[in-house]
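Naming: A, B, ... by sequence-line order, numbering from 1 per chain.
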There are 2 protein chains.
Amino acid sequence: MGVDCHHTESAQPGLEGAALASAVAAAQSKCERTRERLTPPRRRVLELLLEADGPMKAYDLIAAYGQDGEPAKPPTVYRALEFLERLGFAHRIESLNAYVPCRMEGTSHRAAFLICECCGTAEEFEPDFSPQFAAAEAAGYAVRTVTLEARGLCPACKVEA
Amino acid sequence: MGVDCHHTESAQPGLEGAALASAVAAAQSKCERTRERLTPPRRRVLELLLEADGPMKAYDLIAAYGQDGEPAKPPTVYRALEFLERLGFAHRIESLNAYVPCRMEGTSHRAAFLICECCGTAEEFEPDFSPQFAAAEAAGYAVRTVTLEARGLCPACKVEA
DNA sequence: AGCCAATGCGTTATGAAATAACATAACCTG
DNA sequence: CAGGTTATGTTATTTCATAACGCATTGGCT
Ligand SMILES: [Zn+2]
Ligand SMILES: [Zn+2]
Ligand SMILES: [Zn+2]
Ligand SMILES: [Zn+2]
């Protein structure tokens, strides 16, 4: 990300082979349990996210969509992303206009990210908002979703800087 | 925002008259203290943000820029927004692609928002991240900025729903 | 004053991100 | 297999943001 970053960019290497197949199969069975359909475009976009080494832009997904090099049409990918987000298989990172596969084991969670401004990796973590929003809820707010994105330097890039 | 919201949309009424002039003057003198220049386009965009009842989109600012109805050119407004953000006079709300004037008194702070999905207001509050990021910093991260945006219903809209 | 570097602005054009709208196809379920 | 629902294909458009370049203004320096 930073022009002066020469890291291998694989702080979060993408899945391949058996690991990839296994992750997709897990999503598949999760869908079946809730009568949701992991259709070909949805599966394909999930694969692309899982294979990637970091956050993927929507138009990167569009370009990479066809195994033969044929790009997808934008709505194909945006619809798949909407589905994957709804099911919790992927998250959108607002401050990057980019998407990542969910890295957390648990089923339901509020996603939060530590984003490295040097190498571009985005590490998901489980935030604890209880103290924050006790006050908000006490003031009458009904909080539904929360976006928390911290930006800075990951350990590796911090050392080099 | 919500199609079923019939509120007056003035949960955060914009400034006018003396209050507006005073807010702009405060920004002016803050700039002078740090040798920054509140030039005409920057002042104009700040005015528009302060006058607004809620978050403003960049192209709303562009359209409203000229007192005679003439729109600004996009770079004019985006440059002004960059400046206002840098000085802490305005914040970008990532999940809305929109901008608000800073409502906090203190000089330096990490902005956070409670966004009502019904009436569209965005209330700024001062978050306390200390517990969250003690862990992150301990793990070697150097956190520089944080985006925290909570979405839900404000007290007024919650009652109506 | 005259010069210079730095900063900001005006303008044109383009790039990037996301969605609208509508037709067709696949899938349940009774 | 009929009919409602969900998903996809396709075309076009809208929305959001920046690149690039030349000119103007500012403020320090000699
Ligand atoms: Zn997750
Ligand atoms: Zn890094
Ligand atoms: Zn603020
Ligand atoms: Zn509201």
Which atom of [X] lies closest to which atom of [Y], heavy atoms considered:
X	Y	value
B/G88	B/C102	O-CB, 3.3 Å
B/P127	B/A112	CG-CB, 3.7 Å
A/P55	A/V100	CA-CG1, 3.6 Å
A/Y141	B/C154	CE2-CA, 3.5 Å

side-chain contact (heavy atoms from CB on, under 4.5 Å) partners for A/A90, two or more places apart:
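A/A90 satisfies side-chain contact (heavy atoms from CB on, under 4.5 Å) with A/L49, A/L84 only.
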
Do A/E126 and A/R110 meet the salt-bridge criterion of a basic N to acidic O distance under 4.0 Å?
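Answer for the salt bridge query: no.
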
Salt-bridge present (A/R86, A/E36; N to O < 4.0 Å)
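Salt bridge: yes.
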
For A/R144, side-chain hydrogen bond (donor to acceptor under 3.5 Å, both in side chains) partners two or more places apart:
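A/R144: side-chain hydrogen bond (donor to acceptor under 3.5 Å, both in side chains) contacts with B/E117.
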
By side-chain hydrogen bond (donor to acceptor under 3.5 Å, both in side chains), B/R35 pairs with (sequence neighbours left out) none

Show the atom names and distances, to 0.1 Å, of all donor-acceptor pairs under 3.5 Å that link a side chain in residues 38-48 of chain A to residues at least two apart or in another chain.
{"unit_1": "A/R42", "atom_1": "NH1", "unit_2": "A/R37", "atom_2": "O", "d": "2.7"}
{"unit_1": "A/R44", "atom_1": "NE", "unit_2": "A/Y65", "atom_2": "O", "d": "2.7"}
{"unit_1": "A/R44", "atom_1": "NH1", "unit_2": "A/E47", "atom_2": "OE1", "d": "3.1"}
{"unit_1": "A/R44", "atom_1": "NH2", "unit_2": "A/A64", "atom_2": "O", "d": "3.2"}
{"unit_1": "A/R44", "atom_1": "NH2", "unit_2": "A/Y65", "atom_2": "O", "d": "3.3"}

Let me test you: for the helix from C/dA1-D/dT30 to C/dG30-D/dC1, what is the angle between the axes at its two ends (five pairs each), rounded to 10 degrees?
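Its terminal axes enclose an angle near 30°.
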
At the 4.0 Å heavy-atom cut-off to chain B, mark where contacts on DNA chain D begin and end, going 5' to 3'.
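Nucleotide range in contact with chain B: D/dC16 to D/dT26.
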
Length of the CG-C1' vector between B/L81 and C/dG8, whole Å:
15 Å

What integer distance in Å separates B/Y65:OH from C/dT11:P?
11 Å

Per-nt protein contacts along nucleotides 13-19 of chain C (heavy atom under 4.0 Å; B base, S backbone sugar-phosphate only, - none) come out as ----BBB

OP1, OP2 of C/dG10 versus side-chain N and O of B/T76: anything below 4.0 Å?
yes

Stretch residues 40-50 of chain B: residues that reach within less than 4.0 Å of DNA chain C through a heavy atom
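Residues of residues 40-50 of chain B under 4.0 Å from DNA chain C: B/P41, B/R42.
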
Enumerate the residue pairs fulfilling side-chain hydrogen bond (donor to acceptor under 3.5 Å, both in side chains) with a member in residues 66-84 of chain A, sequence neighbours excluded, ordered by first and then second residue.
none

Mind jotting down which residue pairs meet the side-chain hydrogen bond (donor to acceptor under 3.5 Å, both in side chains) criterion with at least one end in residues 89-100 of chain A? Sequence neighbours excluded, please.
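Residue pairs passing side-chain hydrogen bond (donor to acceptor under 3.5 Å, both in side chains), neighbours aside: A/H91-A/H109, A/H91-A/E124, A/R92-A/E94, A/R92-A/N97, A/R92-A/Y99, A/S95-A/E149, A/S95-A/R151.
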
Between B/K73 and B/E36, which has a closest nucleotide on DNA chain C that is more 5'?
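It is B/E36 whose nearest nucleotide is closer to the 5' end.
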
Could you grab the distance from atom CG of B/L87 to atom OG1 of B/T34, nearest 0.5 Å is fine?
6.0 Å

Protein and nucleotides 24-30 of chain C: nitrogen or oxygen contacts under 3.5 angstrom:
none

Would you mind reporting whether B/L148 and B/F113 have side-chain heavy atoms less than 4.5 Å apart?
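Not in contact.
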
Give every donor-acceptor pair under 3.5 Å between a side-chain atom in residues 56-63 of chain B and any protein atom, sequence neighbours left out.
{"unit_1": "B/K57", "atom_1": "NZ", "unit_2": "B/L96", "atom_2": "O", "d": "3.1"}
{"unit_1": "B/D60", "atom_1": "OD2", "unit_2": "B/K57", "atom_2": "N", "d": "3.4"}

